[in-house]
Amino acid sequence: MGSDEWTRQRKDNHKEVERRRRGNINEGINELGRIVPNGSGEKAKGAILSRAVQYIHHLKENEARNIEKWTLEKLLMDQAMGDLQAQLEDMRKMWEEERMNRQRIEAEIEAVRNGAHAGQKRQREDEDVKEGDGKKQRKE
C-alpha cells in the first residue's frame, strides 16, 4: 500500500483522471466556440467563455422580449376573438328576428290569399244564387 509502485500507480491514475477532466472542459469550450456567434474571431478559452456568457444573456433578453410581445399579442387576439363572438351572437339574433318576421309576413300573405279566395268563393256563390234566382223567375 505504501510502496513506491503503489504511489506511482496512484499518481498515474490521478494524472489520467485530471487529463480526462481537462479534455472534457476543452471539448465543452471548443463546442461553445463553434455554436456561439463569433464576433471577434478570438479562439482563447477565456474569450470563448466570455462570448458564451454574453450570448446567453442576449438570448435571455430576447426571450423576455418575445414573451412580452407574445403575451400582448395573445391579449389582443383574445379581445378580438371576444369582439367577433359578440358580433356573431348579434348576427344570430338579427337573423332569427328576420326569420321570424319573414314567417309572420308569409303567414299574413297566406291569410290574405285565403281571405281573397274565400271572398271570391262567396262572390261566386252569391252569383250562383243570383243566377239560380234568375232562372227560377224565368221559369215562372
Side-chain angles (χ1 to χ4, degrees):
M1 204 169 162
S3 70
D4 290 339
E5 177 70 22
W6 181 82
T7 305
R8 189 172 44 77
Q9 182 65 38
R10 192 167 170 221
K11 284 182 180 181
D12 288 346
N13 286 343
H14 178 70
K15 287 178 185 177
E16 182 59 30
V17 167
E18 186 61 22
R19 189 177 2 261
R20 275 187 268 150
R21 186 184 73 79
R22 283 192 316 267
N24 287 336
I25 291 171
N26 288 334
E27 282 180 33
I29 291 172
N30 290 334
E31 181 67 17
L32 281 173
R34 282 190 290 277
I35 62 175
V36 172
N38 193 353
S40 64
E42 182 131 12
K43 303 266 185 196
K45 294 175 189 177
I48 291 172
L49 290 173
S50 178
R51 273 197 342 262
V53 168
Q54 289 173 351
Y55 188 61
I56 290 169
H57 285 303
H58 171 74
L59 291 175
K60 283 185 163 192
E61 289 169 5
N62 280 348
E63 179 187 33
R65 278 193 301 273
N66 285 336
I67 288 172
E68 187 177 318
K69 179 179 128 189
W70 295 332
T71 301
L72 178 60
E73 287 176 356
K74 184 184 181 317
L75 287 173
L76 292 172
M77 194 64 67
D78 289 347
Q79 183 179 2
M81 190 65 130
D83 292 346
L84 287 173
Q85 286 175 335
Q87 288 178 6
L88 177 61
E89 189 58 34
D90 290 345
M91 287 295 171
R92 284 183 176 151
K93 286 178 184 176
M94 288 171 54
W95 181 82
E96 185 61 27
E97 289 171 4
E98 290 300 319
R99 189 180 66 79
M100 302 271 290
N101 284 338
R102 190 190 81 233
Q103 287 177 343
R104 183 181 49 77
I105 290 169
E106 287 174 350
E108 289 175 7
I109 291 171
E110 189 63 28
V112 168
R113 283 182 182 152
N114 289 340
H117 290 301
Q120 289 172 352
K121 184 177 177 185
R122 267 187 255 118
Q123 186 178 7
R124 272 186 261 130
E125 288 172 355
D126 290 345
E127 288 172 1
D128 288 345
V129 169
K130 287 180 185 176
E131 280 181 26
D133 288 345
K135 287 180 183 176
K136 282 183 189 176
Q137 286 176 359
R138 275 186 244 143
K139 286 184 183 177
E140 292 174 357

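Keep in mind that this is a model prediction, so the values were computed, not measured. The first residue of the sequence shown is numbered 1, and numbering continues consecutively from there. All values below were derived from every heavy atom in this structure, side-chain atoms included, with hydrogens, water molecules and symmetry-related copies excluded.
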Next item on the list: Name all pairs fulfilling the salt bridge (charged side-chain N to carboxylate O under 4.0 Å, His left out) condition that reach into residues 72-87, sequence neighbours left out, sorted by first residue then second.
Entry: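 Passing the test, one end in residues 72-87: Lys74-Asp78.
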
Distance (rounded to the nearest 0.5 Å) between [X] [atom1] and [Y] [atom2]:
X: Gln79; Y: Leu76; atom1: CD; atom2: CG; answer: 6.5 Å
X: Arg20; Y: Lys15; atom1: CZ; atom2: NZ; answer: 14.5 Å
X: Ile56; Y: Glu63; atom1: CD1; atom2: CD; answer: 12.0 Å

Carboxylate-amine/guanidinium proximity below 4.0 Å for [X] and [Y]:
X: Arg34; Y: Glu31; answer: yes
X: Lys93; Y: Glu97; answer: no
X: Arg102; Y: Glu98; answer: no

Next item on the list: With sequence neighbours left out, write down each residue that passes salt bridge (Lys or Arg N to Asp or Glu O under 4.0 Å) with Glu96, or none if nothing qualifies.
Entry: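 Residues passing salt bridge (Lys or Arg N to Asp or Glu O under 4.0 Å) with Glu96: Arg99.
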
Next item on the list: Could you pull out the closest heavy-atom pair between Thr71 and Ile67, with the gap in Å?
Entry: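 Scanning both residues, the minimum pair turns out to be OG1-O, 2.6 Å.
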
Check: Taking all non-hydrogen atoms of both residues, which atom of Asn26 and which atom of Lys45 are closest, and how far apart?
Finding: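 Shortest heavy-atom separation between Asn26 and Lys45 comes out as OD1-NZ, 2.6 Å.
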
Next item on the list: Kindly determine whether Glu110 and Asn114 satisfy side chain to side chain contact (heavy atoms under 4.5 Å, CB included), including the steps that lead there.
Entry: CA-CA 6 Å; Glu110 189 63 28; Asn114 289 340; 3.5 Å; yes

Check: Excluding sequence neighbours, so at least two apart, what forms side-chain contact (heavy atoms from CB on, under 4.5 Å) with Gln87?
Finding: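 side-chain contact (heavy atoms from CB on, under 4.5 Å) check on Gln87 returns Leu84.
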
Next item on the list: Flag the pair Leu32 / Arg51 as yes when at least one side-chain heavy-atom distance between them is below 4.5 Å, and no otherwise.
Entry: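 Not in contact.
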
Check: How about Arg21 and Glu18: do any of their side-chain heavy atoms sit closer than 4.5 Å?
Finding: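 Yes - at least one pair of side-chain heavy atoms lies under 4.5 Å apart.
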
Notebook entry, point to check: Using a distance-only test with no angle check, is there a side-chain donor-acceptor pair under 3.5 angstrom linking Arg65 and Asn62?
Noted result: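 Yes - a donor-acceptor pair under 3.5 Å links their side chains.
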
Taking a hydrophobic cluster as the set of Ile, Leu, Val, Met, Phe, Trp and Tyr residues connected by side-chain heavy atoms closer than 4.5 Å, whether directly or through intermediates, do [X] and [Y] fall within one such cluster?
X: Leu59; Y: Val53; answer: no
X: Ile35; Y: Ile29; answer: yes
X: Trp70; Y: Met77; answer: no

Note to self: Tell me which one of Arg10, Glu5, Lys11 satisfies side chain to side chain contact (heavy atoms under 4.5 Å, CB included) with Thr7.
What the structure shows: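 Of all the options given, the one that passes is Lys11.
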
Check: Taking atom CD of Glu68 as the centre, does the number of heavy atoms from other residues, nucleotides or ligands within less than 6.0 Å exceed 12?
Finding: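 For Glu68, atom CD is not crowded (no more than 12 foreign heavy atoms under 6.0 Å).
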
